[in-house]
Amino acid sequence: MKIEIKNITKIYPRGKKKALNGVNIEIGQGIFGLIGRNGAGKTTLMRIVATIMDATEGEIYFDGKELKANKDEFRSSLGYLPQSTKLMPRMNIVEFLDYVCILKGIKDKKERKERITNAIETVGLVGEEKKRLGKYSGGMLRRAGIAQALIGDPKVLIIDEPTTGLDPEERLYFLNLLSKIAMERTIIFSTHITADIEHLCNNICVLEQGEVKYLGEKSNFIDRVSGKMFEHTGTKEEEEMLRREAVVTSVAYIDGSPCVRYVAEKPFTEKSISVTPTLEDAYIYALGGVKR
Amino acid sequence: MLFWRSLKKNAYFLVIALFLLAFSCTVWQPHHLIVALPEHGFIDSTEFFIPFVLLLPISFLLYDNFEIELGLTCGVKTTKLLYTKFIAILLFAITAAFAMVALFEYEPYVPQQSKIIIPIHIPENYKVYMFISAFVTTVFFASLFLFMRVAIKNCYAPVGLGVLVYTVFNGFNYDIHSGYTDIRKCLFDPFLSNYFMGDTVLTEYYRVGPLWTYNRLLFFGLAVVMLVATYFLLRREKLHQGFND
């Protein structure tokens, strides 16, 4: 499914500034990564696309149809995993998914059972059916959330910051699961962790203070800093100088010495070595470098 | 489908109500429930207290932000989501109230033996009025809790207000029964006692039959107004901005 976001602006009733300001994005099949700091407007955009809230201005189209006028049709092909990690703590996964099936209007009991079994198998929660969701770990909860999003066999999945708070193993499991279910679907995946989308998405959008900072292929985004990325290990004074003169993307202290990654047209010190940029370098550069 | 599921899931309310009812009849205040002595009003009995307690979960159980968002993305309007749960809980509370009313018996007023200060004739068909009273009071409080939950967007305000109203009117009711307060003020008592609905007043006070009718109409009207207001609040679909629970 193709989603076109055209000139979306959102001002909250009591908000002083625009949460989103003239956002234009085109999203096709596959996983689309939406990156941005906390408060950049990712969740607001996700909620508007998920038909949970209305934009102040602008339109959204899916397969050429206007979303506002065809909400029900869009919702029938939508799966949504919100940022909330609680789900429904007093239910077990089967009860929870059964409720979601009912909300989606699936009346036939046999069909519901079939869909629930398939969803539980897909997300790898077989054997955990009797446990209440309140007793699930963070990773299991996210998988249960994906199961609920998948239950109606949606063409579009909207997943809002799903990896926050997960341990590395759970995070990898979750990302692998996402890549598995991405076939023949459009997935909009928001995160503030660049590593999440490093190997998952080809197309990305960087949001900053409600505006699109970058939209396009991930490789082109990284290319913006390729040949300009250097690493320098030296003294505290050199670190301060680099912070003033270049755009620093990270500083790590190794045995007390600062190891600074920075973007510049040419190396600032003799000790600087050229390095291959990562998505994180490009992202931090787009945001104007690291603060303290 | 959603409503039947809600009815099934909330059926334990009725079990709790029946348990409380059995407890009230046998242990707590059996004379209030089965045979109400004239010196005790409705509020001292359990027929409103139990539905009242049963209605409080409306404030907590209706739904949370996740459920609203989930409902919306599944194409279920917030109003539908809310009313399916609300009506199920209300039905059980009314059933419990009616069960208690059915068990309730007044003891005739006996001059010089009872402590009551304002002796009012209890009509023979008082149970019909009691059913109406129970229905109106239950619907009123259910609407109040629902409205507060949606308008103020948290669960503590309706519970706090409910407890406050209950406490204030408990004392108020007692004052009226004891003759310390002007009986006309009972027009604004949501727990209006059946004592005030008789058509014969045995003292120099007031003819209270119409007062009872006005009172029940007033509280039923308020319930309807609050339900309509809630409906319009929900139609705006603004609840996704969150509850402050």
Side-chain angles (χ1 to χ4, degrees), chain A residues 10 12-15 19 43-44 46-54 68 70-91 95-109 112 133 141 144-145 148-149 151-152 154 156-160, chain B residues 1-13 15-16 56-89 149-155 232-245:
Chain A
K10 176 71 187 178
Y12 284 104
R14 286 175 197 169
T43 299
T44 302
M46 299 290 246
R47 284 179 163 190
I48 291 171
V49 179
T51 72
I52 291 167
M53 65 163 76
D54 290 329
K68 229 176 180 179
N70 299 281
K71 266 187 189 174
D72 289 340
E73 190 188 334
F74 181 70
R75 282 168 172 172
S76 67
S77 40
L78 172 71
Y80 175 59
L81 177 61
Q83 219 173 336
S84 163
T85 53
K86 280 194 332 189
L87 303 183
M88 290 176 171
R90 291 192 306 159
M91 292 184 188
E95 289 166 338
F96 172 57
L97 294 179
D98 191 52
Y99 182 42
V100 178
C101 282
I102 290 170
L103 285 173
K104 287 199 179 276
I106 304 164
K107 289 180 181 169
D108 185 56
K109 210 173 174 179
R112 290 208 306 267
L133 294 176
L141 272 175
Q148 80 57 35
I151 208 94
V156 181
L157 268 176
I158 296 177
I159 303 168
D160 194 5
Chain B
M1 187 78 186
L2 206 54
F3 175 70
W4 290 115
R5 182 190 174 276
S6 187
L7 209 60
K8 218 167 87 181
K9 286 275 165 194
N10 292 304
Y12 67 95
F13 275 100
V15 177
I16 293 170
L56 283 177
I58 281 180
S59 312
F60 295 100
L61 292 182
L62 276 177
Y63 49 43
D64 59 16
N65 302 333
F66 173 70
E67 204 170 347
I68 294 170
E69 292 190 355
L70 188 64
L72 284 175
T73 55
C74 292
V76 178
K77 287 210 159 90
T78 313
T79 37
K80 188 178 174 185
L81 195 64
L82 188 138
Y83 282 112
T84 48
K85 286 193 177 189
F86 174 75
I87 292 169
I89 296 173
R149 166 79 171 151
V150 172
I152 299 179
K153 288 190 192 169
N154 72 36
C155 58
F232 281 107
L233 281 174
L234 289 171
R235 268 190 61 182
R236 287 161 61 199
E237 289 195 359
K238 296 284 181 201
L239 289 183
H240 55 264
Q241 285 170 20
F243 285 101
N244 309 311
D245 293 349

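Keep in mind it's a predicted model, so treat the numbers as computed, not measured. Lettering of chains follows the sequences in order, A, B, ..., and the numbering in each one begins at 1.
- Residue B:Lys80: no heavy atom, backbone or side chain, is found under 4.5 Å from chain A.
- Rounding to the nearest 0.5 Å places CZ of B:Phe3 at 13.5 Å from CD1 of A:Ile102.
- Nearest heavy atoms, A:Glu95 versus B:Arg5: O-NH2, 4.5 Å.
- Using a 4.5 Å cut-off between heavy atoms, A:Tyr99 contacts chain B through both its backbone and its side chain.
- The shortest heavy-atom contact between B:Gly75 and A:Arg75 is CA-CD, 3.7 Å.
- Here the straight-line distance linking atom NZ of A:Lys71 with atom CG of B:Leu72 works out to 8.0 Å at 0.5 Å rounding.
- Rounded to the nearest 0.5 Å, atoms CG (A:Leu87) and CD (B:Glu67) are 11.5 Å apart.
- When B:Leu2, B:Thr73, B:Leu70 are compared by the number of non-hydrogen pairs under 4.5 Å with chain A, B:Thr73 comes out ahead.
- Note that the CE atom of A:Met46 and the CD atom of B:Glu69 stand 11.5 Å from one another [nearest 0.5 Å].
- In this structure, the side chains of B:Lys9 and A:Met91 stay at 4.5 Å or more apart for every pair of heavy atoms.
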